[in-house]
Amino acid sequence: MADPTGFLKVPKVEAAKRPVDERIGDWKEVYERQDPEERADEVSRQARRCMDCGIPFCHSSSAGCPLGNLIPEWNDLVRRGRWNAASDRLHATNNFPEFTGRLCPAPCEAACVLSIDEEKTGGSVTIKRIEQTIADHAWMYGIVEPQPAAISTGKRVAVVGSGPAGLAAAQQLTRAGHDVTVYERDDRLGGLMRYGIPEYKLEKATLDQRLAQMRAEGTRFVTETEVGVDLPVERLREQYDAVVLAVGALRARDNEVEGRHLKGVHLAMEHLVPANKECEGDGPSPVSAAGKHVVIIGGGDTGADCLGTAHRQGAISVTQLDYNPEPPESRDDTLSPWPTWPLVLRTRLSPAHAEGGARRYQVAVQRFLGDGNGHLRALEIAEVNVTRDADGRRQITPVGESLEIPCDLALLAIGFDGVEHMALLDGLGLQLNRRGTLACGSDWQTDAPGVFVCGDAHRGASLIVWAIAEGRSAAHAVDAYLMGESDLPEPVKPGALPLAVV
């Protein structure tokens, strides 16, 4: 059994990061490379802090992990040095733990019982770090192998989109014996993991090794093909018995204030995508921060990704603007009581904030200012107060005097409005709902028979762990649709939502 007093004996230790001056000079992951044996010993000690709670909120889909990861089980296996068994338990619920171990913000840790009173307990178990170490250990020692299906069903499935939701659905369906083809409109596979997440957060070799496993299992991939254009909907429907839409929610929110047309004002993805393409060897980015005063508008994860990217490209200065108040450094139980996701100032989950730059809260852009030749030279900002009207719509009201700050490159990282308009949806006769996403029934099936949806295309822009959970669940639904029943897991239902304080 687990050590019920381990958290009292072993202090919480996070993974060490490389010095800032070193890591902003390259695109390698921010964490120190450790000797594998030393890393295993250190992480085994951290796993001792898990006491195998009677009610483990960490793997509750409403508060912790929507995948239902068997966290106490693989924590105890790691504590006892049973790394192969830990990998089996981890992969039983998560197709891609090497991705979530790097990219997920770890709602499981926020829901850990040790987070109830961190001053007394020393803080949550380092679940995210343990998960990543199990996954990396499994790859290093050849534990992860292809798992091709023993029998073919003869059914053909098309998955549109190669992000985490699409890949999870594809792998599950391939292993169930179906003939699966994944279509991707970009030139490389991975969706936002490839071109949205910076290399320093996820080295793409980590993605490529998983794609190689999927190919060995029998999943086929087709890139540079936009379904609905390059592959007409009629042919899609003729060739496949079922279709899974995992097209993401990449329609970026814009800010049409005065001066938005100036050269130097860009959406965040117009900065992140070419930066990632440059890391892939495709040549210099046309939207580089090198030698520029950069202002990032938006305080979320995408803004933090732009921040780290701008530092590595050699920006003169970087300022990040957020119209919300500065969050507290520790959980405020009146705003976000345990086990809900805490509203706190995050530097651990966004290491870029420790690399420099300034953050300004409760401010918003009033105008983009040009130099007379159509190029951005500055921003006019003002302090604001954010309220909500009777219908819940956000109201942003200037309350202070305007201030001008220098800016050669402005990046809009203010969220996403849903699924992009595409010919595929028109061809299938599908319309977006008021949230800008695709609705489905309790079986993940859209209004088009045999067409299913999962991930951000259904949920809206969300966490990678939710994308994988929805991909696995949609795979269960497709398998049942094709075969009459399914033994595949279904970790979440279409209407599942994280626990929240209203």
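Worth saying up front: this structure is predicted, and the values here are computed from it rather than measured.
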Quiz item: Would H353 and L307 count as a side chain to side chain contact (heavy atoms under 4.5 Å, CB included) if you check the C-alpha gap in whole Å, the side-chain angles of each, and the deciding distance to 0.1 Å?
Solution: CA-CA 7 Å; H353 288 302; L307 175 65; 3.3 Å; yes

Quiz item: Hey, are T100 and E131 close enough side-chain-wise for a donor-acceptor pair under 3.5 Å?
Solution: yes

Quiz item: Between D208 and T206, does any side-chain donor sit less than 3.5 Å from a side-chain acceptor?
Solution: no

Self-check item: Q313-H271 side chain donor-acceptor pair, cut-off 3.5 Å
Solution: yes

Exercise. Taking atom CZ of R360 as the centre, report whether more than 12 heavy atoms of other residues, nucleotides or ligands fall under 6.0 Å from it.
Key: no

Quiz item: Any side-chain heavy atom of T437 sitting closer than 4.5 Å to one from L432?
Solution: no

Quiz item: Are W466 and V492 close enough, and set up right, to give a side chain to side chain contact (heavy atoms under 4.5 Å, CB included), and what steps lead you there?
Solution: CA-CA 9 Å; W466 276 98; V492 294; 3.8 Å; yes

Quiz item: Tell me, do L411 and I297 make a side-chain contact under 4.5 Å, heavy atoms counted?
Solution: no

Practice problem: Taking R23 for its side chain and V30 for its backbone only, find out whether a donor-acceptor pair lies under 3.5 Å. | Solution: no

Exercise. Kindly compute the distance separating CG (L438) from CG (L430), expressed to the nearest 0.5 Å.
Key: 6.0 Å

Exercise. Output, in order, the C-alpha distance, side-chain angles, deciding distance and verdict of side chain to side chain contact (heavy atoms under 4.5 Å, CB included) for L425 and Q431.
Key: CA-CA 7 Å; L425 303 186; Q431 294 184 341; over 6 Å; no

Quiz item: With a 4.5 Å limit on heavy-atom distance, are the side chains of I116 and T121 in contact?
Solution: no

Practice problem: Report the residues that fulfil ring-ring contact (aromatic ring centres under 6.0 Å, His included) with F452, sequence neighbours left out, ordered by chain and then residue number. | Solution: Y481

Practice problem: Compare every heavy atom of P198 with every heavy atom of T309, then report the nearest pair and how far apart it is. | Solution: OG1-CG, 3.8 Å

Quiz item: Around R388, counting heavy atoms of other residues, nucleotides and ligands shown, do more than 12 lie under 6.0 Å from its CZ?
Solution: yes

Quiz item: Do you see a donor-acceptor pair shorter than 3.5 Å between the side chains of K493 and S473?
Solution: no

Exercise. Kindly indicate whether the side chain of W139, heavy atoms from C-beta on, has any atom under 4.5 Å from the side chain of R210.
Key: yes

Practice problem: Determine yes or no for a side-chain-to-main-chain donor-acceptor pair under 3.5 angstrom, with Q46 supplying the side chain and V13 the backbone. | Solution: yes

Quiz prompt | Closest heavy-atom pair and its distance - P342, A110 | solution = CD-CB, 3.5 Å

Self-check item: Nearest-0.5 Å distance, CE of residue M193 to CG of residue L103
Solution: 8.0 Å

Quiz item: Once you round to the nearest 0.5 Å, how far does OG of S124 lie from CD of E118?
Solution: 6.0 Å

Quiz prompt | Approximate separation, where rounding is to 0.5 Å, of L250 CG and L192 CG | solution = 5.0 Å

Self-check item: Salt bridge flag under 4.0 Å for residues R188 and D282
Solution: yes

Self-check item: No-hydrogen, no-angle side-chain donor-acceptor test under 3.5 Å, S336 and D332
Solution: no

Exercise. Taking all non-hydrogen atoms of both residues into account, name the closest pair between C50 and A2 and its distance.
Key: O-CB, 3.6 Å

Quiz prompt | Ion pair E14/R129, N-O distance below 4.0 Å | solution = no

Quiz item: Which pair of heavy atoms, one from N69 and one from T93, lies closest together, and at what distance?
Solution: OD1-OG1, 2.5 Å

Quiz item: Is the number of heavy atoms from other residues, nucleotides or ligands under 6.0 Å of R18 CZ greater than 12?
Solution: yes

Quiz item: Can you name the residues that form a ring-ring contact (aromatic ring centres under 6.0 Å, His included) with W27, not counting sequence neighbours?
Solution: none

Quiz item: Does D136 reach the side chain of R39, with side-chain heavy atoms less than 4.5 Å apart?
Solution: yes

Quiz item: Closest heavy-atom contact between V365 and L379?
Solution: CG2-CD2, 3.7 Å

Self-check item: Test: R312 cationic atom under 6.0 Å from Y200 six-membered ring centre, within 45° of axis
Solution: yes

Quiz item: Side chain of E270, backbone of L267: donor and acceptor closer than 3.5 Å?
Solution: yes

Quiz item: So which heavy atom on A47 is nearest to which on N75, and how close?
Solution: CB-O, 3.3 Å

Quiz prompt | N-O pairing of R394 and D389 below 4.0 Å | solution = no

Quiz item: Does K17 come within less than 4.0 Å of E32, counting only side-chain N to carboxylate O?
Solution: no

Exercise. For F7, enumerate each residue passing the ring-ring contact (aromatic ring centres under 6.0 Å, His included) test, keeping only those at least two apart in sequence or located in another chain.
Key: none

Quiz item: side chain to side chain contact (heavy atoms under 4.5 Å, CB included) between V295 and I405: does it pass, once the steps are laid out?
Solution: CA-CA 9 Å; V295 177; I405 59 174; 4.0 Å; yes

Self-check item: Charged N-O contact under 4.0 Å between R377 and E404
Solution: yes

Self-check item: Salt-bridge present (D187, K277; N to O < 4.0 Å)
Solution: yes

Practice problem: To the nearest 0.5 angstrom, please state how far the CZ atom of R185 sits from the OG atom of S162. | Solution: 10.5 Å

Practice problem: Start with the C-alpha distance between R194 and N276, add both sets of side-chain angles, then the distance that settles side-chain hydrogen bond (donor to acceptor under 3.5 Å, both in side chains), and finish with yes or no. | Solution: CA-CA 7 Å; R194 175 73 66 180; N276 275 298; over 6 Å; no

Quiz item: Got a sec, which residues hit ring-ring contact (aromatic ring centres under 6.0 Å, His included) with W444, two or more places apart in sequence or on another chain?
Solution: H458

Quiz item: Heavy-atom distance under 4.5 Å between the side chains of Y361 and P325, does that happen here?
Solution: no

Quiz item: Should we say atom CG of D447 is surrounded by more than 12 heavy atoms from elsewhere, each under 6.0 Å from it?
Solution: no

Exercise. Flag the pair D456 and R459 as a salt bridge only when some basic side-chain nitrogen lies within less than 4.0 angstrom of an acidic carboxylate oxygen.
Key: no

Exercise. Spell out, as yes or no, whether a donor-acceptor pair under 3.5 Å connects the side chain of D254 to the backbone of E256.
Key: no

Practice problem: Would you list the pairs meeting side chain to side chain donor-acceptor pair (under 3.5 Å) in which at least one residue belongs to residues 378-387, sequence neighbours left out? | Solution: R367-E380, E380-S402

Quiz item: Can D3 and R49 be counted as an ion pair, charged N to O under 4.0 angstrom?
Solution: no

Exercise. Could you tell me whether the side chain of V160 reaches within less than 4.5 Å of the side chain of L424, counting heavy atoms only?
Key: yes

Quiz item: Does the side chain of N95 pick up a donor-acceptor pair with the side chain of R472 at under 3.5 Å?
Solution: yes

Quiz item: Does atom CD of Q395 have more than 12 heavy-atom neighbours from other groups under 6.0 Å away?
Solution: yes

Exercise. Would you sort out whether E203 and K28 count as a salt bridge (Lys or Arg N to Asp or Glu O under 4.0 Å), showing the intermediate values?
Key: CA-CA 7 Å; E203 292 182 6; K28 296 177 182 177; over 6 Å; no

Exercise. Return the set of residues passing salt bridge (charged side-chain N to carboxylate O under 4.0 Å, His left out) with E29 (not counting sequence neighbours), or none when no residue passes.
Key: R102

Practice problem: Check whether any side-chain heavy atom of P56 sits under 4.5 Å from a side-chain heavy atom of I71, and report yes or no. | Solution: no

Self-check item: Interatomic distance, S288 atom OG to L409 atom CG [nearest 0.5 angstrom]
Solution: 8.5 Å

